[in-house]
There are 2 protein chains.
Amino acid sequence: MDHCSTCVVRNRAICSALEMDEISLLGKMGRHHKLVAGQTLIWEGEDSLLVANVIDGILKLSTSLSDGREQIVGVVYPSDFIGRPFGTRTQHNVTALTDAHVCTFSSSDFDRFAQSHPELEHKLLERTLAELDRTRRWLLLLGRMTASEKLAHFLLDMSQRLVRPDCANDGPVDGFDLPFGRQQIADILGLTIETVSRRLNDFKVQGLIAVPSRRRIEILDRDGLEGIAEAA
Amino acid sequence: MDHCSTCVVRNRAICSALEMDEISLLGKMGRHHKLVAGQTLIWEGEDSLLVANVIDGILKLSTSLSDGREQIVGVVYPSDFIGRPFGTRTQHNVTALTDAHVCTFSSSDFDRFAQSHPELEHKLLERTLAELDRTRRWLLLLGRMTASEKLAHFLLDMSQRLVRPDCANDGPVDGFDLPFGRQQIADILGLTIETVSRRLNDFKVQGLIAVPSRRRIEILDRDGLEGIAEAA
DNA sequence: GTGCTGCAATGATCCATATCAATCCCCTAG
DNA sequence: CTAGGGGATTGATATGGATCATTGCAGCAC
């Protein structure tokens, strides 16, 4: 597969510290993949050592127990990295939630490139530290919050994340389309579909949100929601 | 405060990629602190930009809600790093669980040093990636496991982590002293003290463990515990 | 239109864990 | 020795969310 010019261009955002010809070098090493919604890129326990860069679309990282209980452990957006460089196997499934484009690298190619480009490693470190912080806040949510608090947090978080990429990014939006079905929301928050549905309905009744269609959410009373989400 | 030779020596473990004189340079920038059990090094929301390296002892990272509910989001062992370099504030409390020694650096000093020592950044990246994986597995535990499963996992995890530093590290040990009280176990697992106590007692009755004193645990039937902890 | 199919909403009931309330058991001070 | 105190255990009860079952509804094929 030839190198993909989209990857080359998009990698610019991530490798902004590198000069142009090095960016295209990285781009040439990558392979471009189209994923359809629901398609899994990496399986938990699979031994393909793969690293990727999301060009477009939204993906989930998930792990599950043998009896089918599933927990989503991360949601990945355009320009984010996927996978585990430096010789360790990826620990979770990576599945596209929407149609998506990714640029994959063999872990060893990427490692070699990264080792000789400290600026890239630095960026990666900053991102990883930020992701770790986000994941730790998520622990608080899963371990100590009620269903309503979880959902309020989730909706407020989504309103900040799901800004349309084509528009100027100026803060949270009050109406957005979730890339998740109810089951996935449940798997993010450690709840069941039914509880998600009921608490969402509570919010509707209380006039905090409107749900004009299955996946569409409109926040009507942001302060009210924040009141439920409470203090950090 | 003078630079601390212990820090210089211990930093060797972390900065093994660096030559000796650079290690002592880093050591010289650090300040050595003694912490007593229960003492808090960094408060959530405090604006001290601080980074540290644990020399000795065990510390917890925790966040809490305004009404007092607390979640431990990380446990830190000797040689681990604490804090958030590169300009972001630490997001959680850092509290010593045992008496501890740490070597602190001002975030800006550390950043400057790290930027010019890619080997250090690389190590830090590897550690951060590993910690992220561990934290994501913890999400599964908090979101989808029952109290018994949580506790079984916890005990098995402890038996691997709490190898005595003075002994050869050859795998998990079946008897160990927890550095946590019941409340802290509860705050790690997202449970209440009472539930921790009861499930622990179940394990005792089932002959899986013995609890000769408050903080001591002896694993009598490892396979049995693993059966409860189930599949990943 | 009719019927199917898959998700979401609603309802009824159950149960694991939280909550509230006593003890109990070291451990230390005197 | 006794007394006091903080953590841990144990007990009784409440409840949030899970579970099981049904119904509703939008999209699509025919």
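Reckoned from all heavy atoms, side chains included, excluding hydrogens, waters and symmetry mates. First the proteins, then the strands, lettered A, B, ... as listed; each starts at 1.
For A:Q71 (side chain) and A:D187 (main-chain N/O), a donor-acceptor pair under 3.5 Å exists by modelled atom type. Without hydrogens or angle criteria, A:D99 side chain to A:A37 main chain gives a donor-acceptor distance under 3.5 Å. Panel note: side chain A:S159, backbone A:L156; a donor-acceptor pair is recorded below 3.5 Å. Side chain of A:K150 to backbone of A:L189: a donor-acceptor contact under 3.5 angstrom is found. Judged by distance alone, with hydrogens and angles left aside, the side-chain atoms of B:D80 form a donor-acceptor pair with the main-chain N or O of B:Y77 at under 3.5 Å.
Mapping A:E194 and A:A147 onto DNA chain D via the closest heavy atom, the residue that lands nearer the 5' end is A:A147. Comparing B:T195 and A:R198, the nucleotide of DNA chain C nearest to each residue sits closer to the 5' end for A:R198.
A centroid separation of 6.0 Å or more is found between the aromatic rings of A:H101 and A:H33. Checked against a 6.0 Å centroid threshold, the rings of A:F105 and A:F81 do not count as neighbours.
With axes fitted over five pairs at each extremity, the angle between the ends of the helix from C:dG1-D:dC30 to C:dG30-D:dC1 is 30° (10° resolution).
Side-chain N/O atoms of B:N201 include none lying less than 4.0 angstrom from OP1 or OP2 on D:dT9. Contact between the side-chain N/O atoms of A:T192 and the OP1/OP2 oxygens of D:dA18 is found at a separation under 4.0 Å.
Note: CG (B:D202) to C1' (D:dT10) measures 12 Å, nearest angstrom. Between the C1' atom of D:dG24 and the CZ atom of A:R182 lies a distance of 14 Å, rounded to the nearest Å. Rounded to an integer number of Å, the gap from CE of B:M145 to P of C:dA16 is 18 Å. A:I193 places its CD1 atom 11 Å from the P atom of D:dT19, with the value rounded to the nearest Å. Put simply, CG on B:L200 is 14 Å from C1' on D:dG7, counting in whole angstrom units. The separation between B:L178 atom CG and D:dG7 atom C1' is 14 Å, rounded to whole Å. Between A:R215 atom CZ and D:dG27 atom P there is a gap of 13 Å when expressed in whole angstrom units. In this structure, the CZ atom of B:R199 is 6 Å from the P atom of C:dT17, given to the nearest Å.
Among the atoms of the strands shown, only primed sugar atoms or phosphate atoms (P, OP1, OP2) are found under 4.0 Å from some heavy atom of B:L191. Residue contacts shown for B:S213 are absent, as no nucleic acid heavy atom lies under 4.0 Å away.
Contact annotation: side chain of B:R214 to base of D:dG7, donor-acceptor pair present below 3.5 Å.
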